[in-house]
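What follows is a single structure, written as structure tokens, with notes after it.
First listed ligand is number 1; within each ligand, the first listed atom is number 1. Quick note: numbers below take in every heavy atom, side chains included, and nothing from hydrogens, waters or symmetry partners.
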Amino acid sequence: MIRSRTQVGIVGAGPAGLLLGQLLHLQGIDSVILERSEREHVIERVRAGVLEQGTVDLMHEIGAGDRLAREGLRHDGLYLGFRGERHHIDMAALAGGRAITVYGQNEVVRDLIELRNTAGRPLCFGAADVSIHDVDGARPLIRYRLDGQDHELACDFIAGCDGFHGVCRPAIPSSVLRIYERVYPFAWLGILAQAAPSCDELVYSLHDNGFALFSMRSPAITRLYLQCAPGEDLAAWSDNRIWAELLTRFTCADGWTPNTGTILQKGITQMRSFVAEPMQYGRLYLAGDAAHIVPPTGAKGLNLAAADVWRLSAALTSFYRKGTDDELRSYSERGLRRTWRAQRFSWWMTNTLHRPDTDNPFDRRRQDAELDYLVRSRAAMTSLSENYVGTPFD
Ligand code: FAD
Ligand code: DHB
């Protein structure tokens, strides 16, 4: 058994764990990041792509903003398509100049791994059988195997940044943990295509066949999603069928259509709303998907993870610098306020833009009226915009 110690043991090297590691490093706080997967797998996972203003600002503050500034695509607005028409929403004008930036999550992770290596702080990929112990005592432990050796890491605190299927949340006794959950009757089929984006902003579209979303990754790569059934078999979706369905769902009177091209990657994402309360137990603090999941329609998952670790690093800094633990004690309560705001918005965006099989003619008319109100009312557009670009981290 190899024994070592650190101030903060971080489980998971997704956006939450890597951002936290860098924030702590900048405050001179020591951490070890343990990641189950291999480096290439972590970097190559294609996931979210929309960064809120607060996440972009945070990336700059921690020294991870260079490539983001060069390659990230700032969007001041977006389009909503329904009943064959596209409507533009000028988000930045409605949300005090705040905007979103399109930059792939895998690029964020790549930049953060590079920063960690530059900092020279430990980041272990391929850590097996990670388990956490004594989180309700003064000296929690993380045990794991690396390169065939057993390790035990003594920590002051453990940050559970290990995503929805991790080991940290289950370490909170079920008598303490409350789970709030909703599973949606649809999923997203997402593709990455070798095709120049044919519009410089996102297009969220509702058609009688269901939802479709146009996004991008670079001047040469388009990212597209379409609503499908939750248990959908990817094998049933040939490239031709995917393009035909996307083109149908995006049909609109102004003639806009996405460019087609070779499909480089495809996958299915389930849709779920999930909140675990509280986000802390003893010396264990959950951040990101370990604590909450949102359906992707509002593009909030990655951004919520960033807001969590921003708050956690500030609380840990106060603890180490000033010896105060009030920010640590209020970590969960403050985080849940933001989480539930994002949950409400993501749930609303999802219901407003998807067609469940069970809806009836009344539901359809009501949904049309909701969208019609949205694009005609400055108040409604402002509400959408301020939620979509994200409120400042608090
Ligand atoms: P993750 O990114 O999940 O990172 C957790 C890390 O912990 C992983 O690297 C994992 O390997 C590691 N880990 C897990 N268990 C252990 C263990 N026992 N020991 C050590 N390490 C462990 N959001 C959007 O807004 N739009 C999208 O289109 C979108 N698409 C998505 C597609 C998929 C398939 C998934 C899963 C998520 C998607 N999301 C999307 C959500 C978004 O990607 C997440 O909210 C974001 O990744 C959260 O970051 P995180 O660091 O909390 O968790
Ligand atoms: C992307 C993902 C989202 O979930 C979303 O709401 C908008 C864009 C994307 O991958 O680009």
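- Atom numbering of ligand 2 starts at 1 in the shown order; those under 4.0 Å from a heavy atom of Ala299 are 5 (C), 6 (O).
- At a 4.0 Å heavy-atom cut-off, ligand 1 does not touch Ala127 at all.
- Residue contact check: Val50 has heavy atoms under 4.0 Å from atoms 7 (C), 8 (C) of ligand 2.
- For Val50, no heavy-atom contact with ligand 1 is shorter than 4.0 Å.
- A cation-pi arrangement is not found for Arg344 relative to Trp347, the charged atom failing to lie both closer than 6.0 Å to the ring centre and inside a 45° cone about the ring normal.
- Below 4.0 Å from some heavy atom of Leu202 lie the following atoms of ligand 2, by number and element: 7 (C), 8 (C).
- Taking only non-hydrogen atoms, the option from Val42, Ile10, Val11, Asp162 nearest to atom 13 (N) of ligand 1 is Asp162.
- The residues Asp156 and Arg283 are annotated as not salt-bridged, no charged nitrogen and carboxylate oxygen being separated by less than 4.0 angstrom.
- Nearest protein heavy-atom contact of atom 22 (C) of ligand 1 is Arg36 CB, 3.7 Å.
- The protein heavy-atom contact nearest to atom 49 (O) of ligand 1 is Pro15 CD, 3.5 Å.
- At a 4.0 Å heavy-atom cut-off, ligand 2 does not touch Val102 at all.
- Under the 4.0 Å criterion applied to side-chain N and carboxylate O atoms, Arg139 and Asp134 are not assigned as salt-bridge partners.
- For the ring pair (Phe, Tyr, Trp, His ring centres under 6.0 Å) condition, no pair includes a residue of residues 21-75, sequence neighbours left out.
- Contact atoms of ligand 1 toward Gln105: 2 (O), 42 (C), 43 (O), 46 (C), 47 (O) (distance under 4.0 Å to a heavy atom of the residue).
- If you number the atoms of ligand 2 from 1 as listed, the ones under 4.0 Å from a heavy atom of Arg47 come out as 10 (O).
- In this structure, atom 10 (C) of ligand 1 lies nearest to the protein heavy atom Glu35 OE2, 3.4 Å.
- For atom 7 (C) of ligand 2, the closest non-hydrogen atom of the protein is Tyr204 OH, 3.3 Å.
- Within the set Arg217, Met216, Met349, the minimum heavy-atom distance to atom 9 (C) of ligand 2 is found for Arg217.
- Contacts classified as side chain to side chain donor-acceptor pair (under 3.5 Å) and involving residues 84-95 (residues at least two apart or in different chains) are given here: Arg86-Asp254, His88-Glu201.
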